[in-house]
Undergrad: 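I am attaching a structure below and will ask some questions about it afterwards.
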Amino acid sequence: VWIFGYGSLVWRPGFEFTSRKVGFIRGYSRRFWQGDTFHRGSEKMPGRVVTLLEDCGACTWGVAYEVRGEQIAASLEYLNMREAVLGGYDTKLVKFHPQEKDAEEPILALVYIATPQNPSYLGPASEEDIAAQIIVSSGCAGHNIEYLLRLADFMRYFCPQAEDKHLFSIEEALISILPCLYHTEESLEET
């Protein structure tokens, strides 16, 4: 079984796997439209994590993990808790296209997608509003800022040819807000 990750799974799968490949799926764009009240936020301050939006002209880059034998049941049990129960995600099968030059046919992979029908779905907002929400959110897996920056780093280093305007616009907005917060905290400490 292959499992496609496009958010935190690209750097922290949390399950054993046999192999991994960087690549993309077509027909979806990645969006920070899913709320998170456990991993990257709380009930009072939900974080923002990514989900996929059907978009026929788009492609989303990430990592596909191959799980075999005993790894299958363990990884699916883990992911069903992490993504479906705690995250509000549904599963779909998609065609994954490996990045390798001599790649074979696309691979069918399982992917978790949060739909607008789930209670944690936040939907669209401006890049500035999303960045502001990310800055103040933290959960048991860490700060929401880490999630955004690790995802941006993954795209930069493993998929430099790919564009993800939404992701990088939020990263830019976050960076432009952070110096203001830093200087405000400094001036408060001086008083």
Side-chain angles (χ1 to χ4, degrees), residues 4-14 22 24-25 27-55 57-63 82-90 111-191:
F4 178 66
Y6 56 90
S8 59
L9 289 181
V10 302
W11 72 84
R12 189 179 64 88
V22 173
F24 63 90
I25 62 171
Y28 293 93
S29 53
R30 179 180 14 236
R31 293 288 179 264
F32 273 85
W33 291 2
Q34 174 69 1
D36 186 327
T37 58
F38 185 78
H39 297 293
R40 298 293 174 168
S42 66
E43 290 291 334
K44 289 184 179 180
M45 302 287 264
R48 279 213 180 231
V49 293
V50 293
T51 186
L52 295 178
L53 183 69
E54 286 189 31
D55 183 350
C59 74
T60 297
W61 285 79
V63 176
R82 175 175 163 173
E83 306 296 337
V85 175
L86 297 174
Y89 290 71
D90 293 332
V111 66
Y112 290 80
I113 300 174
T115 65
Q117 290 73 38
N118 88 67
S120 296
Y121 193 79
L122 297 175
S126 71
E127 280 83 4
E128 293 75 21
D129 287 347
I130 292 173
Q133 188 172 353
I134 287 171
I135 285 171
V136 298
S137 300
S138 185
C140 54
H143 203 287
N144 208 178
I145 293 172
E146 177 196 24
Y147 180 98
L148 169 67
L149 297 179
R150 280 184 174 247
L151 188 52
D153 283 349
F154 165 78
M155 288 298 294
R156 221 174 256 115
Y157 298 118
F158 290 95
C159 323
Q161 73 286 10
E163 288 186 34
D164 193 326
K165 189 174 181 234
H166 178 75
L167 170 65
F168 292 124
S169 296
I170 295 168
E171 181 190 37
E172 281 177 31
L174 179 123
I175 290 167
S176 72
I177 295 169
L178 280 177
C180 298
L181 289 175
Y182 177 74
H183 293 302
T184 303
E185 285 176 8
E186 269 187 347
S187 58
L188 287 173
E189 287 172 5
E190 291 169 6
T191 57

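Nothing here was measured: the structure is a model prediction, and the numbers come from that model.
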Undergrad: Show your reasoning for whether side chain to side chain contact (heavy atoms under 4.5 Å, CB included) applies to Leu178 and Ile135.
TA: CA-CA 8 Å; Leu178 280 177; Ile135 285 171; 4.2 Å; yes
Undergrad: Looking at Cys140, is its backbone amide N or carbonyl O close enough to the side chain of His39 to form a donor-acceptor pair, meaning the two atoms are under 3.5 Å apart?
TA: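 Checked: no pair found.
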Undergrad: Would you call the rings of Tyr147 and Trp11 parallel, tilted or perpendicular if under 30° counts as parallel and over 60° as perpendicular?
TA: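 Tyr147 vs Trp11 ring planes: perpendicular.
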Undergrad: Drop me the distance from Glu128's CD to Ser169's OG, to the nearest 0.5 angstrom.
TA: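 With rounding to 0.5 Å, CD (Glu128) is 8.5 Å from OG (Ser169).
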Undergrad: I'd like to know if the side chain of Ser176 and the backbone of Ala173 have a donor-acceptor N/O pair within less than 3.5 Å.
TA: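 Such a contact is found between Ser176 side chain and Ala173 backbone.
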Undergrad: Could you work out, with ring-ring contact (aromatic ring centres under 6.0 Å, His included) as the rule, every residue matching Phe158, not counting sequence neighbours?
TA: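 Once residues adjacent in sequence are excluded, the partners of Phe158 under the ring-ring contact (aromatic ring centres under 6.0 Å, His included) criterion are Phe154.
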Undergrad: Do Ser8 and Arg40 get their side chains close enough for a donor-acceptor pair, meaning under 3.5 Å?
TA: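 Ser8 vs Arg40: no donor-acceptor pair found between side chains.
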Undergrad: Suppose we screen for ring-ring contact (aromatic ring centres under 6.0 Å, His included). Which residues come up paired with Tyr6, at least two apart in sequence or across chains?
TA: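 If we apply the ring-ring contact (aromatic ring centres under 6.0 Å, His included) test to Tyr6, skipping adjacent residues, there are no hits.
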Undergrad: Indicate whether any N or O donor in one side chain lies under 3.5 Å from an N or O acceptor in the other, for Asn118 and Gln34.
TA: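 Yes, because at least one side-chain N or O of Asn118 sits under 3.5 Å from a partner of the opposite role on Gln34.
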Undergrad: What orientation do Trp61 and Phe24 show, parallel under 30°, tilted 30 to 60°, or perpendicular over 60°?
TA: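 Correct class here is tilted.
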Undergrad: I'd like to know if the side chain of Thr51 reaches the main chain of Ala114, judged simply by a donor and an acceptor atom lying under 3.5 Å from each other, with no hydrogens or angles considered.
TA: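 Pair found, side chain donor or acceptor close to backbone of Ala114.
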Undergrad: Roughly how far, to the nearest 0.5 Å, is the CG atom of Leu167 from the CD atom of Glu127?
TA: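 Interatomic distance, Glu127 CD to Leu167 CG, rounded to 0.5 Å: 10.5 Å.
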Undergrad: Please list, chain by chain and in numerical order, all residues satisfying side chain to side chain contact (heavy atoms under 4.5 Å, CB included) with Gln117, sequence neighbours excluded.
TA: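 In terms of side chain to side chain contact (heavy atoms under 4.5 Å, CB included), with neighbours along the sequence ignored, Gln117 is linked to Thr115.
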Undergrad: From Ser138 OG over to Asn144 CG, what is the distance, rounded to the nearest 0.5 angstrom?
TA: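 Those atoms lie 8.0 Å apart.
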Undergrad: Tell me whether Glu43 contacts the main-chain N or O of Thr37 through its side chain, where contact means a donor paired with an acceptor under 3.5 Å.
TA: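 Checked: no pair found.
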Undergrad: Between the side chain of Thr60 and the main-chain N/O of Ile25, is any donor-acceptor distance below 3.5 Å?
TA: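 Checking the backbone N and O of Ile25 against the side chain of Thr60, no donor-acceptor pair under 3.5 Å is found.
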